Structure formats: structure tokens, C-alpha cells
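The structure appears below as C-alpha cells.
Quick note: numbers below take in every heavy atom, side chains included, and nothing from hydrogens, waters or symmetry partners. Computed from a predicted model, the values in this text were never measured in an experiment.
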Amino acid sequence: MRSIISVLAFAFIITCLLMFCTGCSNKHDHNMITRIPDDTLRGVLLENVINSRRACGVWHSEFGLIIVAINDEEIIQIRKFEDGGLIHSDITTGKGKNELMNYVVAKFNPATNNLFFVSPIGQSIKKYSISPEAIELVDDFNLNADLIGFTSASVLNDKYFIFNTVFDGNYIAVYNKNGDCSGKIAQHLFGDEVNYKQRYHQPMIATNDNRKVIVTADCDVSYMAMYKFNNDQIEMIWSKYFIEPEYYIRNSLFYFEKTHIRGFEWVELSDTYIYALYDLQLYHDRTISRQTYLLIFDYDGNLLKKYFLDYKIWSVSFSPDGKTFYGVTEYPDVHIVKYQLP
């Protein structure tokens with residue numbers, strides 16, 4: 001009898017230890033996307049400093065790198081691949097027809113060389129045609145949609161406008177140029193008891209015209225989702241958490257724990273892969289360390305490669321062959337950084 005009790009006690013202790021270890025793993029399972037990077041990538045700072053108050057977006061085109069600077073002038077810049085030298089720039093801050101005031105970049109389409117901007121409430125949209133010789137406003141219109149506000153936007157096939165809507169309940173919504181909503185799907189990551197009209201999370205949005213897909217990668221939590229848009233209908237294909245969020249709910253609002261690990265910084269799609277920037281913040285002895293990773297996923301959301309980057313970059317854009325990518329850093333000044341995949 002004593003031996004049976006000893007065996008049962010030992011089994012109980014082992015079970016408790018396993019449960020404890022499992023709980024710890026679930027709580028801080030950042031290893032899923034950051035453990036043992038496949039390689040450390042070392043970037044090359046392109047020689048010329050970018051005329052921008054801080055780091056900004058970069059997009060790859062056939063004739064150069066498109067920079068949307070945070071400036072009062074030279075907002076749209078075309079820069080050389082080799083050294084970041086200026087090819088052409090234009091557009092100033094203002095309320096005139098060919099000026100930009102508090103607009104958000106929705107998308108640069110390298111197939112058509114169109115660059116889209118959306119106003120903060122999503123109603124006014126400007127489309128610029130980009131070439132080495134000219135940056136020309138070719139369309140300027142109002143959606144006249146039922147949008148209240150949004151945190152991010154993108155464009156599909158140059159004619160459908162995708163928003164993460166806020167103040168109406170956190171939806172991924174698709175509108176055509178006439179302002180008609182072609183469909184929307186709720187993104188309620190913290191359960192139905194949260195009032196998403198007052199407290200919302202912030203996904204980045206990327207689209208692929210050939211696949212007709214929309215991918216969202218959340219800034220606040222390590223959550224990614226893919227949607228298919230076809231025949232004016234949007235449907236979710238998959239969604240997944242890569243790290244379980246640490247949060248609590250009070251008065252129908254969600255709040256993150258101090259040790260919560262945030263989500264993605266940027267997302268871009270090629271015809272083959274999903275590329276995401278991940279800025280991991282780790283807490284240890286009341287200090288925060290930050291590590292920037294490039295994550296490469298397939299279209300099923302499986303992580304294929306993970307690379308540690310030696311520069312903190314705020315955006316990423318790949319060459320058509322997928323071998324070279326560019327980002328923008330602001331240390332020590334605002335520069336384009338060039339990386340090569342192994």
C-alpha cells in the first residue's frame with residue numbers, strides 16, 4: 001500500500017510540474033516565432049540621408065525606391081537602389097488639390113505604378129502616378145462611405161479599398177470607389193464582452209492582387225489573419241495567434257499586462273510569401289530589450305524562416321526576385337537599409 005501511495009504521489013508531482021511548465025510556455029511562448037533565428041542579416045546603409053523627420057515607408061518599383069517622407073515638402077521621393085540618391089521628388093503639405101494633409105499611405109502598386117493616399121476618416125482618396133520624370137495626381141475623389149474612422153488601409157486591384165474600421169466595432173471592411181461596402185468581417189480578438197467601439201486594436205493590412213487576398217497582422221498582439229475577396233465577397237481563410245496575448249478586461253474594455261508581448265510592425269505580400277517585421281520587446285528586471293526580426297510565412301500561415309536584423313527598421317519592401325529587401329531606419333539618421341537574403 002505504501003508503495004502504491006508513493007507512486008501516486010510521484011505521479012501527482014510530475015503532473016503538477018508538467019502543468020506548471022506548460023502554463024509558463026503558453027504565457028511567454030515567444031519562442032514560436034523568435035527561437036534560434038535561421039541567420040543574422042547585416043544591412044548596408046545606403047549613402048544618402050533621406051530628407052524626412054523620422055523613419056518612413058519604402059516601396060520597391062522598377063525604376064527606384066519610392067519613399068513617402070514625413071515632411072512639409074518633398075513628401076514623395078524616388079531614390080536610387082545603389083546609394084539612395086534622389087531621382088525625383090514632389091508634393092508638399094497643404095490643403096490644395098495636389099497637396100497632402102494628414103493623409104495615410106494605403107498602397108503602392110508596382111504593377112501600375114500607382115500610389116494611393118487616404119484621408120484620416122477614409123473619405124478622401126488621392127491616386128498618384130509615379131515615374132522617374134513626374135509624380136502626377138491622376139485621381140482625387142470621395143468615397144462617400146459610412147466609415148467613421150480607421151487605423152490602417154490598403155487597396156486591392158486599384159479599385160477596392162480595405163480598412164480596419166474603428167468606433168463602429170473593429171471590422172475589416174471592403175469598399176468600392178462608389179462607397180458601397182462589399183463586405184466586412186469583425187476582428188474581435190478579446191471576446192464578445194469587450195466594447196470595441198471604445199477600445200480597438202490595430203492591424204496592419206496588405207493585399208495581393210493576383211491571389212485576391214487580404215492579410216492582416218496586428219500591431220498590438222501576435223495575431224495574423226487571411227481573407228479571400230472574390231465576386232464582391234470577403235471570407236476568412238485562416239487566423240492564428242503566434243503568442244497568446246496577456247490582458248485583462250475591466251468595464252468592458254481590454255488592457256494589456258505589463259509583460260504582454262506586442263505584435264507585428266509591418267506586413268507585405270509577394271505572390272509566394274508573406275513577409276512581416278516583428279519587433280520583440282522582452283521584459284527583464286524592469287528593463288526592456290528590443291529585437292527586430294524578419295519573419296517569412298507561406299500562404300497557410302506557416303513560419304518558414306526567421307532572421308534577426310541588425311538595424312531597427314519600420315518598413316520592408318522586397319525586390320521582385322525576393323532576394324533583396326529594403327527598410328528605413330532612423331539611427332543615426334534616416335537612411336535606407338539594404339539587406340540580402342542568404
Side-chain angles (χ1 to χ4, degrees), residues 52 56-59 61 66-72 75-77 90-130 135-185 187 200-209 212-219 227 229 232 234 264-269 314-315 317:
S52 181
C56 49
V58 57
W59 290 267
S61 76
I66 310 301
I67 298 289
V68 177
I70 302 169
N71 278 342
D72 294 328
I75 295 175
I76 303 175
Q77 305 173 17
D90 201 354
I91 310 306
T92 59
T93 298
K95 297 182 179 180
K97 185 174 180 61
N98 198 31
E99 296 176 324
L100 291 169
M101 177 69 77
N102 298 325
Y103 275 73
V104 175
V105 181
K107 184 178 180 179
F108 173 72
N109 187 342
T112 61
N113 292 323
N114 288 327
L115 178 63
F116 291 86
F117 290 82
V118 186
S119 67
I121 60 171
Q123 297 294 349
S124 176
I125 295 177
K126 293 178 182 278
K127 180 173 76 172
Y128 289 87
S129 176
I130 310 295
I135 298 171
E136 182 183 3
L137 179 66
V138 294
D139 207 354
D140 182 7
F141 60 92
N142 290 322
L143 272 184
N144 296 319
D146 57 356
L147 275 172
I148 302 174
F150 69 96
T151 60
S152 56
S154 189
V155 185
L156 186 65
N157 294 120
D158 283 10
K159 62 180 181 179
Y160 293 102
F161 302 91
I162 299 95
F163 300 92
N164 169 58
T165 68
V166 296
F167 309 129
D168 67 344
N170 242 151
Y171 291 89
I172 301 300
V174 182
Y175 291 86
N176 62 23
K177 189 175 178 179
N178 297 323
D180 302 319
C181 184
S182 299
K184 62 182 182 178
I185 296 180
Q187 270 205 350
Y200 52 84
H201 52 93
Q202 304 177 71
M204 303 291 294
I205 303 176
T207 58
N208 182 276
D209 292 347
K212 293 183 172 58
V213 298
I214 302 162
V215 171
T216 66
D218 206 278
C219 299
Y227 304 86
F229 183 75
D232 286 348
I234 182 173
F264 301 94
E265 291 283 311
W266 191 270
V267 61
E268 176 175 297
L269 310 182
W314 272 263
S315 60
S317 187

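Annotation: the span from Leu143 atom CG to Asp180 atom CG amounts to 10.0 Å, rounded to 0.5 Å. Rounded to the nearest 0.5 angstrom, Lys184 NZ and Asn170 CG are separated by 11.0 Å. Here CD of Gln202 is found 8.0 Å from CG of Asp218. Values are rounded to the nearest 0.5 Å. To the nearest 0.5 Å, atom CG of residue Asn144 and atom NZ of residue Lys177 are 12.0 Å apart. Between the CD atom of Glu136 and the CG atom of Asn113 there is a distance of 12.5 Å, given to the nearest 0.5 Å. With rounding to the nearest 0.5 angstrom, the OG atom of Ser124 is 11.5 Å from the CG atom of Asn102.
Checking Thr216 against Tyr227 by side-chain atom types alone, no donor-acceptor pair falls below 3.5 Å.
Shown here are the salt bridge (charged side-chain N to carboxylate O under 4.0 Å, His left out) partners of Lys212, two or more places apart in sequence or in another chain: there are none. Residues satisfying the side chain to side chain contact (heavy atoms under 4.5 Å, CB included) test with Asp158, not counting sequence neighbours, are Asn109, Thr112, Asn114, Phe116. With sequence neighbours excluded, the residues satisfying side chain to side chain contact (heavy atoms under 4.5 Å, CB included) with Thr165 are Leu147, Phe163, Asp168, Tyr171, Ala173. Judged as a salt bridge (charged side-chain N to carboxylate O under 4.0 Å, His left out), and not counting sequence neighbours, the contacts of Lys97 are Asp140. Evaluation of the salt bridge (charged side-chain N to carboxylate O under 4.0 Å, His left out) rule for Asp209 yields Lys107 as partners, not counting sequence neighbours. Residues meeting the side chain to side chain donor-acceptor pair (under 3.5 Å) test with Tyr128, sequence neighbours left out: none.
Looking at every heavy atom in both residues, Gly57 comes nearest to Ser315 through CA-OG, 3.6 Å. Of all non-hydrogen atoms in Val213 and Leu156, the two that sit nearest each other are O-CD1, 4.2 Å. Nearest heavy atom pair, residue Met204 against residue Ser152, reads CA-OG, 4.1 Å. The heavy-atom pair separating Glu268 from Ser317 by the smallest distance is OE1-CA, 3.2 Å.
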Practice prompt. Test Asn98 against Ile91 for side chain to side chain contact (heavy atoms under 4.5 Å, CB included), laying out the working first.
Written response: CA-CA 7 Å; Asn98 198 31; Ile91 310 306; 3.8 Å; yes
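Side-chain contact between Tyr103 and Lys126 is present, with heavy atoms from C-beta onward closer than 4.5 Å. The shortest side-chain heavy-atom distance between Phe229 and Ser182 falls under the 4.5 Å cut-off. Inter-residue side-chain proximity for Val174 and Ile214 is flagged as met; some heavy-atom pair is nearer than 4.5 Å. No side-chain heavy atom of Val68 sits less than 4.5 Å from a side-chain heavy atom of Cys56. Using a 4.5 Å heavy-atom threshold, the side chains of Thr207 and Val155 count as separate. A 4.5 Å side-chain heavy-atom check between Ile76 and Phe117 finds at least one atom pair inside the cut-off. Between Cys219 and Thr151 there is no side-chain heavy-atom pair separated by less than 4.5 Å. Looking at Tyr175 and Asn178, their side chains never come closer than 4.5 Å, going by heavy atoms from C-beta outward.
Although no hydrogens or angles enter the test, the distance criterion places no donor-acceptor pair under 3.5 Å between the side chain of Ser61 and the main chain of Pro110. Checked by atom type and distance alone, the side chain of Ser154 never pairs as donor or acceptor with a backbone atom of Ile162 at under 3.5 Å. Side-chain atoms of Thr93 come within 3.5 Å of backbone atoms of Asn71 as a donor-acceptor pair (strictly under, hydrogens ignored).
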